[in-house]
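In what follows, chains are A, B, ... by sequence order, proteins preceding strands, each numbered from 1. Remember, predicted model here, so these are calculated numbers, not experimental data.
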Amino acid sequence: MARLLKPFEYFEPRTVEEAVQLLSKYGHQAKVLAGGTDLLISMKKRKITPQYVVYIKSIPELDYIHYSQQAGLKIGALATHTAIADSAIIKDKFELLASACGKVGTPQVRNMGTIGGNICEGGPSQDSVPSLLVLEAKLKLISLHGERIVPIDEFFIAPFKTALQEAELLTEIQIPTPPPRSAGCYKWFTKITTVDESLAGVAVLMLLDSTDGICRDLKIGLCSVAPTPIRARRAEQVLRDKKIDNSLIERAARVAVEETSPRSRADYRKRMTGVLVREAISETWQKIRQLHLRERA
Amino acid sequence: MSQKLSVVGKRIIQPDAAAKATGAAMYASDLKMPGMLIGKVLRSPYPHAKIKRIGKSKAEKLPGVEAVITPEDVTQWKPFDRGLKDLPMIAGGYLVPPDEHILNERARHFGDAIAAVAAINEHIAEEALELIEVEYEELPFVIDPEEAMKPGAPQVSDVAEGNIGKHLSYPFPEGDVEKGFKEADCIVEGTFSTTKQEHCTAETAAAVAHLDVNGRINIWSQCQVAHMARREIAHIFNMPVSKVKLMTPLVGGGFGQRGSVCAEPICIALALKTGKPVKLEYTREENFTALESRTGFKYNLKIGFKQDGTLTAMQVYMLGRLGGYMGCGPMASVIGMVFGLGHYRCPNRAGEADMVMTNTPVSGAFRGFGNPAMMWGIEQLVDEAAEKLGMNPLKIRLKNIKKAGEIANMGLRLESTYLDECIKRGAEAIGWKEKWGKKKEGKMRRGVGIATMTHCSGAAPLYLDHSNAFIKLNEDGSADLTVHPAPLGQHIWGALSQIAAEELGILAEDIHIVTGDTDITLFEYGSDASRSTYAIGSATLIAAHQAKEQILERAAKMLGVSPDELEIKERQVYVKANPKKSIPVADVCYDAIYNFKGECLNISGKCSWEGRWNSSPTGAFFAEVEINTETGRVKVIKFVTAIDCGKAINPMTVEGQLEGGMQQGIGYGLTEDYIINKDTGVVESDNYDTYKMPGILDMPETEVVIIDKPDPKGPFGAKGVGEPGMVGVAPAIANAIYDAIGVRIKDLPITPEKVLKALGEKSQ
């Protein structure tokens, strides 16, 4: 890895419009710089050598966390992992996202890195993504031609390849409020040490009927176990509309494992996916039952 | 030896601590000189390739580039041995031939140096590298030592026929191992393998060189053996030693990697070509691939025991991977056998090693040298035998450890050992009695394990063990101590100050260390083999003693008594029988320097010290681990190191050494793996994103138990403590894992996959 970056022309647009104009003008030769925690490494490794770098942290209106019951959660693309992990409203209502963002990198990386950058990097191991998948987040992409809204499960195409077009900018992540009496969590194992990339990450969101204990909805999101982050849709089916018990959870975990296609350390990753899915569902199930008990009390 | 000590044994803050904590301290990488150029090295992307052609004109034409050098530009300089092991080793008896050029026409490993540039800044230097056109002819390569030994394997080196770099034997064989195994009631054996751990020094390799107005090479070098590096540099560049001035700045970690020459030869070549000062600072990736890392072994070990646990025989055959050049690697096998086979009392011992050349980055010295590798297997087999014999692991060790006066690992007298106390007190600290051998159930299982070791204080009698110290007293009663250890972060300046101050009866802060310049310092073998405090400390003590005698002689005259009636305490010379009668040390020194009575003397002392004995530090390591049987993950819950390092000159730095050793040892045991792609020969773990050292969150609760009993030979009873801290960590963890889940992992590192696999096999 080189220590220095190749020369490039650098821009600090003040508005989204200015930014997308630059992106549209320079096309594939331009790269968006936000927190820089992924981009600068790629540039030092010479994997990317952009001629133009468009720094967007100069656009203050992209850094926000807004919530209302009706509109749901809206996160500006520039919200840092720290801001999300520490946000009272996200910790309260979207805990699985708070814990995923709290897992990313180190405190320094979380202070610099943004959720928008994490998503747009498009790698298989982006920690924020499984939670966003199960929360059914939508991404607002802006270009000179206007804006479009893309559901996050349509965003990831291949490793480090996303639906984001050349002159588009991700500006907002929109997350609907999960139904009442739902709960979720994000669980992961790192590759080797405590502060390390995820070997496997699993987000679960569950809706349970308090009257009959039937699972009305279940979503499972996975990262680091396939070319892109994925939903384990067949595993979700195992529990949906069923009365949950441990053997059913085990079965869901087994099915989830079948849905993975890890490249390196494949056997271990598969096995650990099973452990994580089982633990994540069990933990969520416990949380939900606690919730119901509290409601009754 | 019960001496009342007033400076030695105190937890003094090190002289350079504040500068390091605030960032003011200057390392090689901080050095700047007027007109200084920046050097960069072009490295082979292939494990084995012939350089058919190098086009350098494009790079040379880039404005700001001052030199581009290729293998043909350095032919006037001599090939060399990077490990500086071209001196005879007294036991083991081998020489390493010069097998490497400053730049090489045939790349022998991924990361081998092919060409270099010097430019006015780093940016241009990096750009220039990309403009150098190299036409490589890829050659067949070999990564694995066993493959390399097969007939028809690609030849790695011109100096190692059949790729056998060296075949070496254990230098202290004893008895008859065949007979010993016949006498044994219980024989345990196994094949163990260890890894190419990387040193991960905080500072990467760096050097600054220039040719001064007198035509002398000035080189700022991090080398741990400064004077020997000066000699090697003079040899390479066809200069007399007097034409090389080597300076040692603060060094951001050595751990043995800086025991070899690193960035110096290329840096000097660029300085000589350009006639300007050049700085060459390696990237982290270069540190991983261009320099030596720990020698990895695969070895067969066999140990015999009597029914009562007495050792009857030990035998090992080691296969070691050297890499593209020989470096310090061969010695790792000899030292491993010396420490491993010499640790316990055993009447029949034998060992052989084949050290094999491969197309991989070079192997060499790393904290503990071969000791951690050998104890990895020995301490696991001792536990295995204990189980077979129905003995407690503590008891079987207590039965076989040596006593003072026996022959120690290095073939000399074992001057002192309190390993029995280390075992007992360490066991108490980990809670052995309550925790070991208990029935384990459930998903999370805990266990405790032990490992022990013996190390050295210096290289005697295997290698040159020559140290020097010079001390002079200033007119204010302070002293300048001239020594040349490598300041690697081990706070050696503080330890030597404490030794000198204790002897002189002044304070540690009164000692000023004069160091880091071969023009000024006397010959110093250097800082390796856990020798600085012991060997340089011994020289310092004797030099200080000479100066003290001069102080006493002159003070006696001034006070009108005889010298033996005096003592020095806290900067003051007292008449022992009448403490009211005294004179400040400063007054004595002042009177000696500004003496108008015809008796001028700068009070001073000088010692050339050569190790004729070698006090072995010993230690016991205890791990408590928790294993998740579902994931195979091992967490170290608590780690205790109980150390017999003689008298601790400064307990705070002893603790620092041992805690650092735990971190390195846990990395060696659990997390660190140097991965070379078998198909491409490319090093895949060449930075901290892929090569994982344990971080602060991976560290257990730590406890250091210092026995603190003086050794009869070391300065104020001190023994070496630099390397011991990591020696027994990995085997203690392995033994704790066995206690927890009943499986043995014999190849490093202990990964979750290996644990799960072993658990699976066990349940079948």
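- By the 6.0 Å contact criterion, CZ on R284(B) is enclosed, its count of non-hydrogen atoms from other residues, nucleotides or ligands being greater than 12.
- Per-residue heavy-atom pair counts under 4.5 Å with chain A were compared for L697(B), T631(B), I696(B), and the maximum is reached by T631(B).
- Crowding of K31(A) atom NZ: a count of heavy atoms from other residues, nucleotides or ligands under 6.0 Å not exceeding 12.
- Here CD of E630(B) is found 3.5 Å from CZ of R278(A). Values are rounded to the nearest 0.5 Å.
- Put simply, the side chain of T190(A) reaches to within 4.5 Å of the side chain of R633(B), judged on heavy atoms.
- No salt bridge links D267(A) with K757(B); every basic N to acidic carboxylate O contact stays at or beyond 4.0 Å.
- Note that OG1 of T193(A) is 12.5 Å distant from CD1 of I666(B), once rounded to the nearest 0.5 Å.
- Enclosure of atom NZ in K443(B) by more than 12 non-hydrogen atoms of other residues, nucleotides or ligands within 6.0 angstrom is indicated.
- With chain B as partner, the option from I41(A), V275(A), V195(A), D196(A) having the largest number of non-hydrogen pairs under 4.5 angstrom is D196(A).
- Within the model, atoms CZ of R271(A) and CD of E753(B) stand 10.0 Å from one another, a figure rounded to the nearest 0.5 Å.
- Interatomic distance, K44(A) NZ to N687(B) CG, rounded to the nearest 0.5 Å: 10.0 Å.
- Two residues are said to be in side-chain contact when any heavy atoms from C-beta on lie closer than 4.5 Å; K692(B) and K191(A) fail this criterion.
- Contact of E285(B) with chain A is made through the side chain alone, with heavy-atom distances under 4.5 Å.
- Neither the backbone nor the side chain of K635(B) comes within contact range of chain A, judged by heavy atoms closer than 4.5 Å.
- With contacts defined as side-chain heavy-atom distances shorter than 4.5 Å, the pair M272(A)/L756(B) qualifies.
- Using a 4.5 Å cut-off between heavy atoms, E126(B) contacts chain A through its side chain alone, with no backbone atom that close.
- Residue contact with chain A, scored on non-hydrogen atoms closer than 4.5 Å, is absent for E672(B).
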